[in-house]
Each structure stands twice: as C-alpha cells, then as structure tokens.
Asks: 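Questions regarding the structure given below will be posed in turn.
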Amino acid sequence: MPEWLNFGLELTVVGLVIVFGALTIIATAISFIRRANDAWQKHEDAQAEAATQKEQNIDTITLLLISAAAATMIQGRFHIKSIRRILPANAQRGPWSQQGRAVLLGSHVVSKKRQ
Amino acid sequence: MPEWLNFGLELTVVGLVIVFGALTIIATAISFIRRANDAWQKHEDAQAEAATQKEQNIDTITLLLISAAAATMIQGRFHIKSIRRILPANAQRGPWSQQGRAVLLGSHVVSKKRQ
Amino acid sequence: MPEWLNFGLELTVVGLVIVFGALTIIATAISFIRRANDAWQKHEDAQAEAATQKEQNIDTITLLLISAAAATMIQGRFHIKSIRRILPANAQRGPWSQQGRAVLLGSHVVSKKRQ
Amino acid sequence: METLLEFLNNGALGNFTWGNFCMLVVGGFFIYLGIAKDYEPLLLIPIGFGMLIGNIPYASGMSIGIYEDGADGGQASVLSILYRGVTQGWYPPLIFLGIGAMTDFSCMLASPRLILLGAAAQVGIFLTFIVALAIGFTQAEAASIGIIGGADGPTAIFLSSKLAPHLLGAIAVSAYSYMALVPVIQPPIIKLLTTKKERLIRMRPNKPVSKRLRILFPVIAFLITGFIAPGSINLLGFLFFGNLLKESGVTERLAATARTAFIDIITILLGVTVGCSTDASRFLTPASIKIFILGATSFMIATASGVLFAKLMNLFTKNKINPIIGAAGVSAVPDSARVCQMVGAKEDPNNFLIMHAMAPNVAGVIGSAVAAGVLLVTFL
Amino acid sequence: METLLEFLNNGALGNFTWGNFCMLVVGGFFIYLGIAKDYEPLLLIPIGFGMLIGNIPYASGMSIGIYEDGADGGQASVLSILYRGVTQGWYPPLIFLGIGAMTDFSCMLASPRLILLGAAAQVGIFLTFIVALAIGFTQAEAASIGIIGGADGPTAIFLSSKLAPHLLGAIAVSAYSYMALVPVIQPPIIKLLTTKKERLIRMRPNKPVSKRLRILFPVIAFLITGFIAPGSINLLGFLFFGNLLKESGVTERLAATARTAFIDIITILLGVTVGCSTDASRFLTPASIKIFILGATSFMIATASGVLFAKLMNLFTKNKINPIIGAAGVSAVPDSARVCQMVGAKEDPNNFLIMHAMAPNVAGVIGSAVAAGVLLVTFL
Amino acid sequence: METLLEFLNNGALGNFTWGNFCMLVVGGFFIYLGIAKDYEPLLLIPIGFGMLIGNIPYASGMSIGIYEDGADGGQASVLSILYRGVTQGWYPPLIFLGIGAMTDFSCMLASPRLILLGAAAQVGIFLTFIVALAIGFTQAEAASIGIIGGADGPTAIFLSSKLAPHLLGAIAVSAYSYMALVPVIQPPIIKLLTTKKERLIRMRPNKPVSKRLRILFPVIAFLITGFIAPGSINLLGFLFFGNLLKESGVTERLAATARTAFIDIITILLGVTVGCSTDASRFLTPASIKIFILGATSFMIATASGVLFAKLMNLFTKNKINPIIGAAGVSAVPDSARVCQMVGAKEDPNNFLIMHAMAPNVAGVIGSAVAAGVLLVTFL
Ligand code: NA
Ligand code: NA
Ligand code: NA
C-alpha cells in the first residue's frame with residue numbers, strides 16, 4: 001500500500017474518531033442535562049420567581065426615574081399613582097440599557113421646554 | 001509655450017476625452033437598454049409570475065415551519081387551516097433571513113412554556 | 001521619609017490639584033453659561049423662529065420632491081393641494097438624510113408600476 | 001493623441017486577456033444566479049461583483065490590485081488591505097460570531113441523537129483528502145480541498161488561508177458555489193439512496209427545550225470541542241460565544257449587533273475580496289479545475305454518508321429517523337435543511353421534516369469545524 | 001509645587017502657539033456652521049471637533065499626536081492608527097460603498113443625456129491643475145489640488161493620500177468646506193451665466209425606470225469605467241457594488257447595513273482623523289492658503305462649465321434643458337441638486353428641477369472618480 | 001492508534017494544567033454572575049467566555065493563542081490580531097465615543113457643584129498608587145494599578161496598555177470585576193460613613209438645562225481638560241466628541257450608530273480578547289493577587305472619599321447635599337448611581353436621588369480620565 005494512501009487512511013480514521021468522539025460526548029452531555037433538568041425544575045421555578053422579583057425591582061428603578069423626572073418638571077406639585085410599563089418584561093436589561101433609558105428620559109425632560 | 005503649460009493642456013485634453021468618453025458610452029448603453037426594454041417586457045412579466053410562484057413557494061416553507069412549530073406545541077392534536085402572512089412579499093429573502101425566521105420561531109416555541 | 005513615599009505624596013498632591021482644578025474650572029464655566037443663558041434667551045427665541053423658518057423651508061423641499069414624483073406618475077394632470085408631513089420636525093436633517101428621502105421616494109415612484 | 005492611445009494601452013484595453021474575459025463572465029453569472037435564482041445571494045453577489053473588480057485588467061504597479069500588498073516595497077493597495085481579513089484569517093471567526101448569535105440550537109438540543117448525523121457527513125472531508133493526495137496535491141493542499149465538503153464557507157476559508165493560501169480563491173469560490181447549488185446537488189443523491197417508504201417516515205415533534213439547557217449548551221459544547229480539538233477554538237470559540245450572547249438573555253444588545261451590522265459588514269468585505277482574489281492568471285489553472293471536481297465529489301460523499309448513516313442508525317433504534325435529514329448533516333445552514341423539507345414534502349406534504357433537519361444541519365457546522373481543527377494542527 | 005508648574009509647562013500651556021489658537025477657532029467655526037447653518041453637519045462637526053483634538057498643544061513623544069505613527073520606533077498613537085484608513089486610503093472606498101447603497105440612480109437612468117453635464121463639470125479639475133502647475137506646485141500636488149473641483153470629499157482624500165500625502169489635510173478640509181458652502185458659491189455663478197428665460201425652462205417629468213435597468217446599470221457602468229480608467233476601480237468598484245446591493249432586491253440586509261452603521265462608522269473615523277491632521281504647524285502654511293484659493297477657483301470653474309455645457313447642448317436639442325441643473329454636475333450630492341431646485345424655484349415655484357438635477361449630480365460623482373483614476377495612473 | 005493518542009497528547013489533554021482549570025472555573029463564574037445576578041453582563045459574559053477560550057490548553061506554535069503575535073516570525077494568530085485593539089489602546093477611545101453618544105450630561109449641568117464629588121472620588125487612585133509603591137511595584141505599575149479605583153474599564157485598560165502591558169489582564173479583570181460588584185461593595189461603606197439623618201436629606205429637583213448649554217458643554221469641557229491634562233485627550237476627546245454628536249441635533253444618525261452598533265462591536269471584541277489574555281501561566285501570579293487586593297482598596301477609598309467630601313461640602317453650603325451621592329463619584333456609570341438610589345430609597349422610598357447621583361457619576365468618568373492623563377504623561 002503506497003505511503004500516501006497509508007497516511008491518508010490513518011488520518012481519516014483519527015479524524016473521524018475525533019469528530020464522532022466530540023459530537024457523541026456533546027450529545028451525551030445534552031441528554032444527561034435534559035434528564036437532570038426535571039430535578040432542577042423545582043429549583044428553577046424558585047429562581048423564576050426571584051427573577052420576576054428582580055424584574056419588579058428594576059421596574060421600580062424605572063418608576064423612580066420617571067417620577068423623579070416628572071417631579072423635576074412639575075416641581076413636585078402632584079404625585080404619580082401608576083405608570084404603564086412601556087418596555088416588555090424581557091427587554092434588554094444591564095447597565096447600558098438602563099443608561100439608555102436615562103438618556104431618553106433626560107432628553108425628554110429637557111425637550112418638554114426647549115425643543 | 002512653456003513645457004508645463006504644454007503638458008497641462010495635453011493632460012487636460014486626454015483627461016476630458018476619457019471622462020466624456022466613459023460617460024457618453026454609459027449614456028449610450030443606458031438608452032440602448034431602455035429601448036430594448038419593451039421587447040424584454042413580455043419576458044419580464046413571465047418572470048414576474050415565476051417570481052410570485054417562488055414567493056408562494058417560500059411562504060409554503062414558512063407555513064410548514066409554523067405548522068411544525070405548532071405541531072410541536074399541541075402535539076398535533078389540531079390542524080392549521082390558514083396563516084396570515086406577517087412578512088411583506090418583498091421582505092429579505094435568502095438563507096440568513098430564513099434562518100432569522102427559524103430563530104424567532106424556535107425561541108417563540110420555547111418561550112411559550114418556559115419564559 | 002523614604003524616597004518613594006516622598007514621590008508618591010508629591011504626585012498625589014499634583015494629581016489631585018490638577019483633577020480638582022480641571023473639574024472646578026468646568027463647573028465654574030457651566031454656572032457662568034447658565035447665568036448668561038437668560039440674557040441669550042431672547043436671542044435664542046429669535047433663532048428658534050429662524051429654525052422653524054428653515055424647518056419649513058426644508059419641508060418645502062420635501063413637498064417639491066413629492067409633487068415632482070407625483071407629477072412624474074400622473075404626468076401632471078392633477079395638482080397637489082396639501083401633503084401630510086410624515087417625518088417628525090426633529091427628524092435627521094443634513095444632506096444624506098435628504099438623499100435618504102430621495103432614495104425612498106425614487107424607489108417608490110418606480111415600484112408603483114413595476115414591483 | 002499619442003498620449004491618449006498610450007494611456008489606453010497602459011490601461012485595461014492594453015492588458016486585456018481572454019482569461020479575464022472568462023472570469024468576468026463567471027462573475028456576471030454568479031450575480032445572475034444570486035438575483036434570478038435566489039441562490040445564497042448574500043454570498044454570490046458580493047463574490048460575483050468582486051470577480052468583476054478583480055478581473056479588470058491593468059498595468060500593475062499602481063497599487064490597485066488585490067495582490068499588491070506592499071511586500072515589494074510599494075504601497076499596499078486598498079483591496080490588499082481589506083483582503084488581510086481573509087489572508088490573516090480573522091473574517092471567518094467574526095462571521096461565526098454572528099452565525100452563533102443568529103442560530104437557534106433548540107432543534108438539536110431537543111433530539112441529541114441526530115447530532116451524530118452531523119458527524120457522519122464529515123466523512124466526505126477525509127475521503128476527498130485521500131483522493132486529492134492520490135492526484136498529486138500536497139498534504140496541506142489536500143486537507144484544504146477536502147474541507148470544501150464541510151459545506152461551510154468560513155471554515156474552508158479559515159483552513160485554506162492557513163494551509164494553502166495560494167489555493168484560497170479557488171477553494172472559497174467552489175465552497176460557496178456548491179453551497180449555493182445545494183438545492184441542485186442533494187435531491188438526486190437523497191432519492192437514489194432512500195426508498196419511498198423511508199422518505200415517508202414521520203418523526204415525533206420535538207419537546208420544548210429549557211432555557212437553562214440553551215444557556216449551558218454553548219459553554220459545555222465549547223469546552224468539549226476545545227479540549228478534544230484545540231485547533232477548532234478560533235472558529236467554535238466565536239460560534240459558541242455568539243450563541244451564548246444570544247441565549248444568555250442579558251446580552252441581547254450585543255447579540256443583535258453581532259447578527260446584523262457586524263456580520264453584514266464582514267460578509268460584504270469577505271465576499272468582495274474573495275471575489276477579487278480570483279484574478280484569471282492565478283485562478284484559471286488546472287489546479288482550480290481539479291479543485292472544483294474534488295469539491296463536488298466531497299459534497300456528494302458528504303450528503304451520501306449523512307443519509308447512509310441515518311439508515312444505519314435506524315437498524316439500532318425503534319424510534320425511526322427519516323434518512324432524508326441525514327443530508328442536512330453537511331451543514332450549508334439552512335439551505336440543506338430546506339432541501340430535506342422539500343424532498344420530504346414531495347412524498348407527504350404534511351411531513352414537517354425541517355425542524356428535525358435543523359439538528360444535523362447545525363451539528364454539521366460543529367462537525368466540520370472540529371475536522372478543520374484536526375487538519376489545522378496536523379499540517380500547520 | 002515646582003513639579004506642578006513643571007508639569008503644566010510640559011503640558012498644553014507650555015507648548016501653546018498662536019497657530020494652535022487659530023486652528024481651534026477654525027474648528028469651533030466649523031462646528032458652528034454645521035449646527036447653526038446645517039451645512040453638511042455630518043462632515044463639518046467631526047472635522048471641526050477633530051481640529052480641536054489635533055490642536056491641543058503638548059510636548060510630543062508621548063504617543064498622543066496623530067503624526068506619532070511609531071515610525072521613529074516609539075509606540076504608534078491611537079489617533080495615528082485610526083488615521084491609517086486615510087493615509088492608506090481605504091476609508092474613501094468604504095464610504096463610496098455606503099453612498100452606492102443609498103444612491104438612487106433612477107433620475108439619471110431616466111434621462112441619460114443629462115449624464116454629459118456630469119462630465120462637463122470635471123473641466124474644473126483639469127484647468128485648476130494647469131493653474132496649480134503655473135504657480136509652482138509639482139505635477140502630483142497639482143493633480144491632488146485640482147480634484148478638489150470634483151466636489152467629492154472621499155475622491156479628493158483618496159487621490160491626495162496617494163499623490164500628495166503632505167497636502168492631504170489642506171485638500172480634504174478645503175474640499176469639505178466648499179462642499180458645505182455650495183449653497184453660497186453656486187447661485188451667483190448660475191444667475192450670472194443664465195438668462196431669466198432659461199431659468200424658467202420646464203423639463204418633462206421622467207418616466208419610471210424598469211427594475212432590470214436599475215440592476216444592470218451598476219454592473220455595466222462599472223465595466224465601462226473600469227476598462228477605460230482602471231485607476232478608478234477602487235472608488236467606482238465599491239460605489240457600484242453598493243448600488244448593486246441596493247438594487248438587486250435580494251441583498252437588502254447588506255445594503256441596509258452599508259448605508260447606515262457601516263458608512264456612519266467610517267464617516268466618524270474619517271472626519272475626526274482628517275480634522276486631527278490639521279495640526280497648525282503643518283496646516284498653517286502658504287501652500288494651504290494657495291490650496292484654498294485654487295479650490296475655490298476649481299469649484300467655480302466646475303459650476304460654470306456645467307451650466308455653459310447645458311446651454312451648449314440646448315443648441316443641438318429641441319427638448320430644452322434648464323441650464324441651472326448644469327451646476328449640479330459638480331456632484332456634492334445632493335446639496336448642489338437642492339441649490340438648483342432653490343434657484344429654479346425663485347423664478348417659478350412650481351418648477352420641479354430637483355429630480356432632473358439629481359441626474360448630473362450623481363453623474364458628477366462618477367465623472368470625478370474617473371478623472372481621479374486618470375490622474376492616479378498618470379502620476380503614481 | 002498511536003497517532004490518535006499522540007494527537008490527543010499534543011492537544012489540550014496533554015497540556016492540561018491546574019492553573020487552566022482554575023481559570024476555566026473563574027470564567028464560568030463570571031458568566032454565572034452576569035446571567036444569574038445581572039452584574040454588568042455586557043462585560044462579564046464576554047470576559048468570562050474569553051477566559052474559557054484563553055485557557056483551553058494546547059501545544060503552542062500553531063498560531064492559535066492570543067500571545068502568538070507573529071513576533072517570533074510565525075503567523076500572527078487571529079486572537080492576537082483582535083487583541084491589538086487592546087495592546088495598541090484604540091478600543092478604549094472608541095468605547096468612550098459610544099459612551100459619550102449615550103450619556104446625558106444634563107443632570108450634571110443642572111447642578112455644577114456636584115461635579116466636585118467626581119473629583120473627590122479620584123483620591124482613591126493616588127492613595128492606592130502610594131500603597132502599590134510601598135509593596136514594591138514599579139512606579140508605572142503602581143500607576144496602572146491605582147487607576148482601577150477610577151472604576152472605568154476603558155480608562156484602566158488604556159492606561160495599563162501604555163504603562164504596564166504585562167499587568168493588563170489582571171488590571172482589566174479586577175477593574176471590571178469590582179465595577180460589577182459595586183452593588184456589593186458600596187452600600188456598607190456609605191452606611192458606615194453617614195448618619196440616618198444625612199441619608200434622609202432630600203435635594204431640590206433639577207431645573208431643565210438649555211439646549212445651547214448641552215451643545216457648548218462637550219466643546220468647552222474638552223478644551224479645559226485638554227489644556228490642563230493633554231494626556232487625557234485620547235479618552236476625553238472621543239467622549240466629548242461622541243457627546244457633541246448626540247447633542248448637536250444635526251448628527252443624530254452618527255450618534256445613533258456610535259451608541260449602538262459601533263460600541264457593541266468594540267465591546268464584544270474588547271471583552272472577549274481581554275478575557276482570552278488571562279492565560280493561567282501569566283495570570284495566576286502573586287502580582288495578580290496583590291492587584292486584586294489593591295483594586296478593592298482603591299474602590300473603597302474612592303467611595304469613602306466621595307462620601308466624606310460631600311459631607312465636607314455640606315459644612316459650607318446651606319442647600320445640603322445628600323452625602324450618599326458622593327459614592328457615585330467613582331463613576332462605574334450608571335451602577336453606582338443606582339446603588340445611591342437604592343440606599344437612599346431604603347430610608348425614604350420617595351427620595352429620588354438617582355437624578356442627582358448621575359451628576360457625580362458622569363463627572364467621575366471625566367475625573368478619572370484626567371487622572372489617567374496625568375499618570376500617562378508622568379510615566380510614559
Ligand atoms: Na459542515
Ligand atoms: Na464630482
Ligand atoms: Na471614575
């Protein structure tokens with residue numbers, strides 16, 4: 001058998017073993033996690049609630065931001081009772097998006113008078 | 001006549017000939033195509049129909065995707081009769097946009113239960 | 001006092017003087033401008049009107065663009081009396097956005113017949 | 001007057017060759033395929049127009065051409081600078097970042113066993129490697145040619161930029177051409193290798209996948225592939241990173257940019273420069289012809305082995321797999337999955353294979369990246 | 001205390017020059033023009049702020065300045081790295097890509113004869129070239145100065161980065177300044193060269209343009225210009241490529257990115273670095289003054305020749321052209337077209353010239369790019 | 001068979017070290033913090049995943065690793081190329097461009113006196129510098145470590161890339177870690193240094209700020225900071241330039257791109273490459289431990305000095321400041337401002353501190369950039 005064929009076959013075997021190996025391990029890991037999932041489910045639901053908690057929490061921030069802005073404008077003569085939420089619950093969170101909101105808000109506050 | 005002026009004028013002539021040449025040829029080509037267009041028109045209309053055909057075809061894909069997803073959720077107990085098309089006919093086609101739809105779809109399927 | 005401590009303290013002093021200096025000057029500048037603002041206000045209002053003037057002016061352009069396009073389509077048989085403005089007053093101005101409008105417009109004109 | 005003639009002579013007209021003419025025709029044909037036939041237009045149109053740019057003939061030495069990279073002391077041309085992303089191999093990982101950010105792996109996570117089909121389709125890579133050796137290519141060249149069967153443009157470009165830069169143009173173009181031609185190449189092979197009865201097999205709809213699994217997957221899959229084939233981390237690292245950005249739920253703004261503006265920019269630059277690199281004098285060679293033939297072979301072997309492996313799996317499982325979806329293992333996301341759907345729909349319009357086909361489809365991307373990693377560390 | 005004083009001395013205060021002061025004022029004025037007068041704000045504001053950055057004086061050798069490119073072995077400054085896109089000339093083609101993706105050529109396709117007006121306006125480039133030779137600039141310098149009359153910032157930057165890098169700052173700034181001042185420069189010239197009767201000429205509304213023509217145009221136009229003036233393919237290749245992405249109908253996502261995020265990013269980087277490059281010690285020279293004067297001349301000649309050529313054409317056609325739109329041939333898209341509209345509307349508010357003016361306007365972009373190609377291959 | 005084993009040996013498995021393992025765990029932990037705790041996910045997730053990529057072990061010399069920059073004549077790895085934006089220091093200014101385009105300075109413009117709080121918080125930088133000198137770091141290293149107290153990732157990366165490249169990984173990671181941990185670090189310090197009565201102080205709502213002031217601010221602030229500390233223009237030039245794009249009202253399209261696609265792209269590349277640079281063999285050193293401890297110190301000193309300075313100011317003004325907002329002077333925009341809001345709300349739910357806290361918050365960004373400029377010119 002010529003050298004190149006020999007080498008080619010060897011590499012083919014090694015290569016396929018590695019490719020199949022990698023993907024098989026991934027597949028196994030996935031099925032394992034899926035099975036484990038039911039056990040985790042309970043814990044997850046707990047987390048989910050916590051999450052909504054946090055969600056609320058963030059809304060509070062927004063609420064405060066808005067109230068603050070409003071206060072800024074109306075010099076605190078009135079009081080905000082409720083605010084309809086304009087962002088979906090799963091909107092981008094994270095500092096920068098918050099910042100983003102603040103930005104919009106800020107300019108909005110200003111625009112009121114000047115734009 | 002000084003050398004620089006000589007050279008300058010020569011370049012000016014050459015340059016203008018080339019600029020006018022290029023744009024004139026373009027203009028001519030365009031008018032030619034415009035004239036040829038009427039002849040092509042018939043053929044084009046034929047194509048246009050074909051296109052709508054294809055369009056349909058792609059919608060079918062979408063339809064199947066959606067049905068499949070629905071099936072996934074309702075474990076095929078019901079049957080989808082008709083689906084309102086949410087994308088304009090001239091929406092981006094091409095693999096990635098398809099992919100895009102699949103993505104949205106996938107997450108939608110999941111969100112149903114988990115989000 | 002060891003050399004490094006000596007150096008460290010010196011740099012700290014210099015650094016803080018510069019940081020406080022810079023920010024203090026900024027703060028002073030801002031308050032100065034704020035005070036000057038009232039004086040400028042009158043002039044600003046004048047400008048504001050000029051701005052709306054210009055705004056109008058730009059709308060005129062848009063109006064003409066649209067009329068032109070319309071004329072293109074209806075071969076000038078009718079006449080446009082009024083056009084509802086689709087862009088907010090503070091939409092991006094500047095050449096490219098104008099260009100952008102022209103683009104949309106152009107393709108719109110064409111699409112009418114061919115798309 | 002002489003000046004004018006002389007000028008035109010030094011320009012395109014003077015340096016015209018029939019090779020350039022052929023390439024211009026090919027470029028125009030690519031554009032036509034993209035627009036009229038809607039074959040992978042996002043790839044074919046940039047590549048096609050790039051071919052036009054790259055084959056306008058002119059006297060060299062004016063730092064216009066894509067190969068005038070300033071190595072000869074002259075100024076590097078604009079095209080050669082934009083081409084660096086290809087030659088230095090950093091466009092492909094960035095494209096994988098965007099692909100990861102737009103790919104939904106749930107179909108694959110829902111039925112892990114189908115992942116193996118994505119492995120099976122890589123057989124094409126290695127068999128083609130052997131054939132390429134047989135007809136006299138060097139080992140590194142053969143490896144770069146074989147990867148065409150991976151049906152992943154970025155993977156092919158990345159590997160050949162490292163192993164066989166001089167063949168990059170031909171390899172990239174044939175890889176993208178065949179990816180565009182998937183709807184033409186695959187159906188006959190699928191029909192040939194499957195019985196009507198097999199093509200009628202219906203598969204159970206997938207159960208939904210938990211958010212946690214979708215978040216854990218990119219991390220775990222990266223670690224596994226990275227440890228087994230470190231050569232693949234450049235590609236898979238960015239693929240799974242992009243997917244984590246998508247699934248994490250807290251980095252949506254990054255994922256959104258990665259799958260829109262970012263991947264679009266890189267796609268434009270990659271496509272047009274790869275097209276430009278097909279200068280006739282370098283591209284129209286016997287080697288290119290061989291590469292195109294080998295590429296086709298590679299694609300067919302890959303499709304066939306995917307299908308056959310599905311049938312093999314059916315011998316050992318009671319919950320039968322429709323062997324059509326084995327063809328999706330070649331990746332070429334998501335075209336080959338759509339092909340499977342259509343082939344299946346021909347037999348039974350209510351058989352929704354596409355959701356199942358997406359599993360081997362995306363698995364195939366991982367599979368060929370791992371194979372590329374193996375070849376990279378073997379020959380670099 | 002000494003340390004503090006010494007520190008401040010090594011800083012801006014110690015190295016202050018009146019030249020810097022002037023440039024800071026100019027920068028502020030550019031910003032004012034952009035905001036208060038809305039003159040090309042997308043260009044003037046980045047350039048203006050760049051002038052502020054580039055003229056803060058400081059002791060060099062801290063790899064802060066845009067000219068500290070590490071050639072002297074030191075570290076390349078951030079600004080010098082971002083400036084490479086200008087000096088290596090790859091920002092302009094990328095901007096042309098975006099312009100192509102946002103330009104609608106239908107107005108031009110609807111009345112091809114108006115394209116010639118876009119050629120006529122290029123006379124300014126070559127006459128200015130002669131004048132520049134006359135007052136002692138080298139040929140390469142003269143060519144780069146002449147191109148200012150092309151009224152295309154990217155074209156001017158591209159050519160001068162290749163032919164006269166040392167004049168790039170002055171050329172770029174004057175090109176953009178005059179583009180911004182089009183509404184001031186052109187009207188008087190137009191009025192001077194046309195009769196009221198001519199300005200009242202109404203032109204027939206355009207017929208719509210078929211989609212096929214709009215798709216074929218970028219390909220054909222690129223081949224024609226490429227073959228005749230290969231030196232222009234770097235600019236026109238990307239311009240027409242972008243336009244094909246727009247018109248093809250199947251690559252809208254690429255076109256959308258090219259005309260938004262992509263061109264915006266490059267515009268920001270180009271503008272601010274060009275502004276930074278106007279360091280007083282390099283910018284405030286007799287040469288710059290001459291360049292500004294020549295640039296103005298170039299603009300006026302271009303406008304005039306456009307208008308006069310329109311009148312010339314009217315001698316040979318029965319379907320008269322309103323000579324006002326000849327002025328749009330200088331490009332400066334779409335400002336000069338808007339100027340034509342306004343000048344025309346002064347005489348007859350119901351005369352819609354802008355759609356017609358867009359034709360020579362976009363043709364002018366092509367014309368000056370071709371001229372740049374000619375100059376490039378002649379002097380490189 | 002041997003080939004296979006040998007292959008695996010040359011791969012990750014053969015080169016595995018416990019150091020890599022630790023770093024992989026840390027990376028996973030970062031990702032967990034970002035997702036589960038929502039701590040700065042836009043930073044922690046890219047950095048965390050980068051740590052995974054950077055700590056997959058492999059035999060070097062395959063141009064995979066981020067440190068294989070081709071200096072040894074080999075091919076530069078993709079990661080090393082993307083990492084250049086960090087080592088050459090041009091990612092940070094571009095991020096500042098985007099931050100400027102998304103930051104609304106009106107809160108600060110409405111009550112200028114609060115700017116001083118942003119200066120006070122920089123005390124942490126210099127005191128930490130002294131401590132770092134004390135425990136044996138070189139002056140340049142000590143400066144780079146002190147800047148962690150600036151609580152600005154980009155500033156810290158920019159400075160250390162110039163002064164102490166070998167510590168960049170550790171400094172960047174600790175800077176971002178502590179920025180993410182602001183909600184954990186600051187509250188106790190605030191409570192410790194303030195009385196309930198002080199925390200209950202209500203501040204007058206701000207009056208609106210005129211558009212003109214918002215436009216003038218970036219220009220004037222840049223000139224002031226530039227003249228006093230030229231070393232800061234790379235950072236502040238882009239910050240204020242971005243802000244001018246936002247406020248000018250005529251460059252909104254540029255500002256919009258700068259604060260979305262542009263900053264997102266740079267954030268992705270910066271985060272993942274910084275993460276990759278934490279290769280265990282370089283990262284797990286005594287120096288890193290010290291840096292983390294010093295970083296924490298720096299953060300605490302900064303917070304404390306902000307709060308204390310607020311109390312100091314209250315001695316001289318009748319219109320009292322709520323000392324809580326002094327903590328926002330460390331920047332870490334906008335987290336620390338949110339922390340102030342929460343701490344204040346604990347005492348009085350109707351006390352809206354956040355609008356006031358934004359003032360020292362954004363002022364802190366300017367403050368630490370100026371401090372960085374001082375350190376840069378002192379030690380470069
Ligand atoms: Na594949
Ligand atoms: Na022009
Ligand atoms: Na700070």
Asks: Salt bridge check, Arg212(E) against Glu247(E): does any charged N sit closer than 4.0 Å to a carboxylate O?
Replies: no
Asks: Do the side-chain N and O atoms of Ser336(D) and Asn361(D) include a donor-acceptor pair separated by under 3.5 angstrom?
Replies: yes
Asks: Top residue by heavy-atom pair count (under 4.5 Å) with chain D, among Ala229(E), Gly237(E), Ala258(E), Ala261(E)?
Replies: Gly237(E)
Asks: By a 4.5 Å heavy-atom criterion (distance strictly below it), what part of Ser232(E) contacts chain D: side chain, backbone, both, or neither?
Replies: neither
Asks: With chain D, which of Leu223(E), Leu94(E), Thr378(E), Leu244(E) has the greatest number of heavy-atom pairs at distances under 4.5 Å?
Replies: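 That would be Leu244(E).
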Asks: What part of Phe158(E) lies closer than 4.5 angstrom to a heavy atom of chain D: side chain, backbone, both or neither?
Replies: side chain
Asks: Using non-hydrogen atoms only, which part of Leu236(E) is less than 4.5 Å away from chain D: side chain, backbone, both, or neither?
Replies: neither
Asks: Show, in sequence, the C-alpha distance, side-chain angles and deciding distance for Ser160(E) and Leu167(E), and conclude whether the side-chain contact (heavy atoms from CB on, under 4.5 Å) test is met.
Replies: CA-CA 7 Å; Ser160(E) 48; Leu167(E) 299 181; 5.9 Å; no
Asks: Applying side-chain contact (heavy atoms from CB on, under 4.5 Å) to Ile66(D) and Asp279(D), what does each step give before you reach the verdict?
Replies: CA-CA 9 Å; Ile66(D) 195 167; Asp279(D) 163 28; 6.0 Å; no
Asks: Sort by residue number and list every member of residues 75-93 of chain E having a non-hydrogen atom under 4.5 Å from chain D.
Replies: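 Interface residues of residues 75-93 of chain E: Thr87(E), Gln88(E), Gly89(E), Trp90(E), Pro93(E).
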Asks: Just so I understand: if I count every heavy-atom pair under 4.5 Å between each of Phe238(E), Phe240(E), Phe241(E) and chain D, which residue has the most?
Replies: Phe241(E)
Asks: Centroid-to-centroid, Phe30(D) to Tyr176(D), below 6.0 Å?
Replies: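 Judged by ring-centre distance (under 6.0 Å), Phe30(D) and Tyr176(D) do not meet the cut-off.
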Asks: Looking at CD1 of Ile47(D) and CG of Leu270(D), how far apart are the two atoms once the value is rounded to the nearest 0.5 Å?
Replies: 7.0 Å
Asks: State whether Phe105(E) and Arg214(E) meet the cation-pi test: NZ (Lys) or CZ (Arg) under 6.0 Å from the six-membered ring centroid, and within 45° of the perpendicular axis.
Replies: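 So Arg214(E) doesn't make the cation-pi contact.
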Asks: Please tell me whether Ser174(D) and Ser177(D) have a donor and an acceptor in their side chains that are separated by less than 3.5 angstrom.
Replies: no
Asks: Could you verify whether a donor N or O on one side chain and an acceptor N or O on the other, from Asp264(E) and Thr267(E), lie under 3.5 Å apart?
Replies: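 Judged by distance alone, the side chains do not pair up.
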